[in-house]
Amino acid sequence: QVQLVESGGGLVQRGGSLSLSCAASGFEFEKYNMGWFRQAPGKDRYFVAAIPYSNGTPYYGSSVKGRFTISRDDAKNTVYLQMNGMTPEDTGVYYCAASFQHITNLTPIDYWGQGTQVTVTS
């Protein structure tokens, strides 16, 4: 059974930091591209960051570049998202995603996590 379980969400003030984790099981994690998406209330799910398999070069959505860092540990089947310098615009439900394809806003995603809420107050 495939599972992606996010953790680490919560409430943070403007300028603060949070670290998200996504623990994967039930598929060959090391062969998948992994990513994070964000969905704000009333809006579509939006690409945040991704890291290719074999620890390829990470890439980011324009709104988080320079503030967020994605990483993965294949030995632990886990992908992380370190979020610094947060703003209220970063508020939303953060979803972990796995895909055999290069991850963008348009990529068909093979597996989704259940999401974790992140709220940034001003």
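Reckoned from all heavy atoms, side chains included, excluding hydrogens, waters and symmetry mates.
In this structure, Y80 is not a member of the same hydrophobic cluster as F29, with clusters built from ILVMFWY side-chain heavy atoms closer than 4.5 Å. Note: the hydrophobic cluster containing I70 also contains M83 (ILVMFWY, side chain heavy atoms under 4.5 Å, direct or indirect links). Hydrophobic clustering (side-chain heavy atoms under 4.5 Å, transitive across Ile, Leu, Val, Met, Phe, Trp, Tyr) groups V48 together with V120. Placement of I103 and L20 in two distinct hydrophobic clusters is found when ILVMFWY residues are connected by side-chain heavy-atom separations under 4.5 Å, directly or transitively. Linking Ile, Leu, Val, Met, Phe, Trp and Tyr whenever their side-chain heavy atoms come within less than 4.5 Å puts V2 and W36 in one cluster.
From D73, atom CG reaches atom CD of E30 across 12.0 Å, with rounding to the nearest 0.5 Å. The OG atom of S25 sits 7.5 Å away from the CD atom of Q1 when rounded to the nearest 0.5 Å.
The shortest side-chain heavy-atom distance between T91 and R38 does not fall under the 4.5 Å cut-off. Annotation: side chain of C96 is in contact with side chain of V79 (closest heavy-atom distance under 4.5 Å). Between N55 and R72 there is a side-chain heavy-atom pair separated by less than 4.5 Å. Contact annotation: the side chain of T121 approaches that of L11 to within less than 4.5 Å [non-hydrogen atoms, C-beta and beyond]. For the pair V64/Y46, no side-chain contact is recorded, criterion being any heavy-atom separation below 4.5 Å from C-beta on. V118 is listed as a side-chain neighbour of M86, based on a closest heavy-atom distance under 4.5 Å. L106 places none of its side-chain heavy atoms less than 4.5 Å from the side chain of F47.
Looking at S17 and N84, their side chains do bring a donor and an acceptor atom within 3.5 Å of each other. In this model, a donor atom of one side chain and an acceptor atom of the other lie less than 3.5 Å apart for E89 and T87.
Within the 3.5 Å criterion, the main-chain N or O of Q101 finds a donor-acceptor partner in the side chain of S99. At distances below 3.5 Å, not a single donor-acceptor pair connects side-chain atoms of Y59 with backbone N or O atoms of P52. At distances below 3.5 Å, at least one donor-acceptor pair connects side-chain atoms of D110 with backbone N or O atoms of F100. In terms of modelled atom types and a separation under 3.5 Å, the side chain of R67 and the main chain of G85 share a donor-acceptor contact. Judged purely by atom type and a 3.5 angstrom limit, N77 has no side-chain atom pairing as donor or acceptor with the backbone of A23.
Summarising the local packing, CD of E28 is surrounded by 12 or fewer heavy atoms from other residues, nucleotides or ligands at distances under 6.0 Å. Summarising the local packing, OH of Y111 is surrounded by more than 12 heavy atoms from other residues, nucleotides or ligands at distances under 6.0 Å. The local environment of CG in N105 is crowded, with over 12 non-hydrogen atoms from other residues, nucleotides or ligands closer than 6.0 Å.
Between E6 and G115, the closest heavy-atom pair is OE1-N, 2.9 Å. Taking every heavy atom of both residues into account, S71 and I51 meet most closely at CA-CD1, 4.0 Å. Pairing each heavy atom of A97 with each of I109, the nearest pair is CB-CG2, 3.7 Å. Smallest separation of non-hydrogen atoms from T78 and S21: CG2-CB, 4.3 Å. Here the closest non-hydrogen pair linking G92 and Q117 is O-NE2, 3.5 Å.
For Y94 and F37, the ring centers are positioned 6.0 Å apart or more. Checked against a 6.0 Å centroid threshold, the rings of H102 and Y53 do not count as neighbours.
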field: side chain to side chain contact (heavy atoms under 4.5 Å, CB included) between W112 and R45, intermediate numbers included
entry: CA-CA 12 Å; W112 289 103; R45 209 168 287 191; 3.2 Å; yes

